[in-house]
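The structure appears right after this line, and notes come after that.
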Amino acid sequence: MTANAMMGNWEKKGGIFGGKKAKLYNTLAGEELIPEITNPDAAIKVPKTPRIDGAGEDGVNKFVGRSHGVLMQIPQAILSEKPYPVKGWFSIRFNHPINVAGTQTTIESLKKLDFIVCSDIYMSDFAIWADVILPESTYLERDEGIEDKSGLKPAYMIRNKVVDPIGDTKNGYDIFRGLARRMKIDEQYSANTMDEWRIKQVKGNAELLAELVKKGYVTWKVPGILFREKDSVKEFTKKFPSAAQFVGEDGLMESQVKFKTDSGKIELFSEKVEKQFPGYGCLNAEGMDVFFGEELCLMSGKTPIHTNGHTQNVEFLNDLMSSAPVWIHPNTAKKYGLKDGDKITLQSKTAKEKANVMLTEGIREDTLFVYHGFGHESAGLKRTNGAGTNQSKLLDPTVIGPVASTMVRNVGVKIIKA
């Protein structure tokens, strides 16, 4: 983003651009060309009570959105009982012990709770701690709401089930709608089923909904628009003459290039951030040492075969990739007396974890690499239990990126030969 901003590569051909949703497109065109969709349950708001992670509130997580949060601080808040005691945890399709730094801290926090609920499409390392499991249908077995996928011009996408659910599972909407009804807190829900939700999303436009159900993706034969490309603006105004009122003397629609900042522009320096976090109002490389005094740094990444820490026990995917060894450069392996396939232990400042060696020249000599999502500890996951390395065990959940409170997924480690 910063590099593109410095080069003026916003709303330019080959660059980054904002989605042209139906409301904006219709305003520019001066016609009601594209049907709009809405959120039928917009009246349901996130409670204004203090969050256990302090997201969006004064403090270290001030600039983190309340709709996102800081996962690493959930277990810490449970264990410390600050800002208040937490008695239960409701997790939706997320495997916290595998996906979040500090696995042992997570497990300790789960042991302290009175009640745990998990809604997921698979069993997981989190689900084994749950008092209640609400099985959700997989994406092939469930209908979902309409998503706005507007790019240079408006577009919508919908996901439809291709087979009926196997077993007694439900889609996410039915699960939460049903819970709200049983708890008698469903006054603000506007629909009872996903079908009702969809028709309300399209504001009763049955033709649009029918086309989405049939095709899955819908867009319109109208010109796209890049606000800072003269040829694009010229083509758009030729099609829609009323759009000329938004065109400046330079032939561009600069007035439509807006950002959610105080200046309305891309800000490479933020006074608000600088005031809260001195030295971090703009990009800098300070505090970027992730070796933590060690000779080696362990980093991780995702494989295209699996989805995070979820799918390692799925038979077909497990056949393709059943484990994940640690990548080590041959020169580094020689220094530690290691050969391909050796068993080792990785030790960080907070924990130890087992690993198998894979020699490759495709890694730096001071760096180790492992694919994320392995190292499960759940006896019921028979294909993947105990296979591979869980790098989250080695990560320190108290080490977070400043300003955005991001999880630091690199960590300094020692190698201990088994």
Side-chain angles (χ1 to χ4, degrees), residues 39-41 44-47 49 51-53 55 66-75 77-78 86-100 103 106-107 109-147 158-186 188-198 306-314 317 373 376-381 384 392:
N39 176 7
D41 290 336
I44 302 177
K45 303 295 184 182
V46 176
T49 53
R51 292 175 56 101
I52 60 173
D53 60 1
R66 288 174 61 87
S67 60
H68 291 88
V70 185
L71 293 169
M72 302 81 74
Q73 294 194 348
I74 297 174
I78 293 170
V86 177
K87 301 299 182 181
W89 189 338
F90 196 130
S91 178
I92 307 168
R93 203 181 182 308
F94 193 76
N95 197 0
H96 207 99
I98 296 291
N99 293 332
V100 179
T103 301
T106 298
I107 292 173
S109 70
L110 290 170
K111 291 178 179 179
K112 187 175 181 178
L113 297 171
D114 293 340
F115 189 58
I116 302 172
V117 182
C118 177
S119 177
D120 210 327
I121 63 174
Y122 310 118
M123 284 298 294
S124 68
D125 304 72
F126 185 95
I128 63 172
W129 293 94
D131 297 286
V132 176
I133 297 175
L134 303 173
E136 184 178 358
S137 309
T138 66
Y139 75 98
L140 295 174
E141 302 170 305
R142 66 176 183 250
D143 290 329
E144 296 182 359
I146 303 163
E147 294 184 29
I158 199 171
R159 178 178 281 170
N160 302 305
K161 68 178 181 181
V162 295
V163 294
D164 290 329
I166 298 174
D168 186 20
T169 66
K170 300 180 183 298
N171 65 56
Y173 187 87
D174 286 347
I175 288 174
F176 288 98
R177 184 67 183 87
L179 284 175
R181 185 181 296 110
R182 291 194 183 194
M183 296 172 68
K184 297 182 179 180
I185 54 171
D186 63 333
Q188 291 182 303
Y189 277 88
S190 62
N192 291 303
T193 65
M194 179 51 65
D195 287 339
E196 288 184 17
W197 165 268
R198 285 174 163 185
H306 289 291
T307 302
N308 299 322
H310 296 293
T311 59
Q312 285 74 19
N313 199 61
V314 176
L317 300 179
H376 293 263
E377 293 184 7
S378 180
L381 304 178
T384 194
S392 293

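The figures here come from the full heavy-atom set of this structure, side chains too, leaving out hydrogens, waters and symmetry mates. Along the sequence shown, the residues carry numbers beginning at 1.
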Under the salt bridge (charged side-chain N to carboxylate O under 4.0 Å, His left out) test, residues paired with Glu136 that sit two or more places apart: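 For Glu136, the residues satisfying salt bridge (charged side-chain N to carboxylate O under 4.0 Å, His left out) (neighbours in sequence not counted) are Arg142.
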
Taking only residues two or more places apart in sequence, or in another chain, which ones meet Glu377 in a salt bridge (charged side-chain N to carboxylate O under 4.0 Å, His left out)?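 If we apply the salt bridge (charged side-chain N to carboxylate O under 4.0 Å, His left out) test to Glu377, skipping adjacent residues, the hits are Lys393.
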
Checking side chain to side chain contact (heavy atoms under 4.5 Å, CB included) against Asp131, which of Asp114, Leu113, Ile116 comes through?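 It is Ile116; the other options fail the test.
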
Can you confirm whether the side chains of Asp41 and Ser190 place a donor and an acceptor under 3.5 Å from each other?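 Looking only at side-chain atoms, Ser190 and Asp41 do form a donor-acceptor pair, the distance falling under 3.5 Å.
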
Nearest 0.5 angstrom please: [X] [atom1] to [Y] [atom2], how far?
X	Y	atom1	atom2	answer
Asn99	Ser392	CG	OG	6.5 Å
Asn171	Thr138	CG	OG1	11.5 Å
Phe176	Ser119	CZ	OG	5.0 Å
Ile78	Ile52	CD1	CD1	5.5 Å

Main-chain N/O of [Y] paired to [X] side chain as donor or acceptor, under 3.5 Å:
X	Y	result
Thr169	Pro165	no
Thr193	Glu196	yes
Gln73	Gly69	no

Determine whether [X] and [Y] make a side-chain contact, defined as any pair of heavy atoms from C-beta on separated by less than 4.5 Å.
X	Y	value
Leu134	Val117	yes
Asn313	Tyr122	no
Ile158	Arg198	yes
Lys87	Phe115	no

Applying ring pair (Phe, Tyr, Trp, His ring centres under 6.0 Å), name anything that partners Tyr173, two or more places apart in sequence or on another chain.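 Trp197.
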
Could you report the tightest heavy-atom contact between [X] and [Y], atom names first, then the distance?
X	Y	value
Ala127	Ile133	O-CD1, 3.7 Å
Ser124	Asp120	OG-OD2, 4.1 Å
Gly373	His376	O-NE2, 2.8 Å
Leu381	Met123	CD2-O, 3.7 Å

Qualifying salt bridge (Lys or Arg N to Asp or Glu O under 4.0 Å) pairs with a residue from residues 163-182, counting only residues at least two apart or across chains: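 Qualifying pairs: Lys161-Asp164, Arg177-Asp186.
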
Just wondering, are more than 12 heavy atoms of other shown residues or ligands nearer than 6.0 Å to CD1 in Ile166?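 Counting neighbours around CD1 of Ile166, 12 or fewer heavy atoms of other residues, nucleotides or ligands fall under 6.0 Å, so no.
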
Without placing hydrogens or testing angles, list every side-chain donor-acceptor pair under 3.5 Å for residues 88-96, not counting sequence neighbours.
| from | atom 1 | to | atom 2 | distance (Å) |
| --- | --- | --- | --- | --- |
| Ser91 | OG | Phe94 | O | 3.2 |
| Arg93 | NH1 | His310 | ND1 | 3.4 |
| Arg93 | NH1 | His310 | NE2 | 3.1 |
| Asn95 | OD1 | Asp125 | N | 3.3 |
| Asn95 | OD1 | Phe126 | N | 3.2 |
| Asn95 | ND2 | Asp125 | OD1 | 3.0 |
| Asn95 | ND2 | Gly309 | O | 3.2 |

Taking only residues two or more places apart in sequence or in another chain, which ones pass side-chain contact (heavy atoms from CB on, under 4.5 Å) with Lys184?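 Partners of Lys184 under the side-chain contact (heavy atoms from CB on, under 4.5 Å) test: none.
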
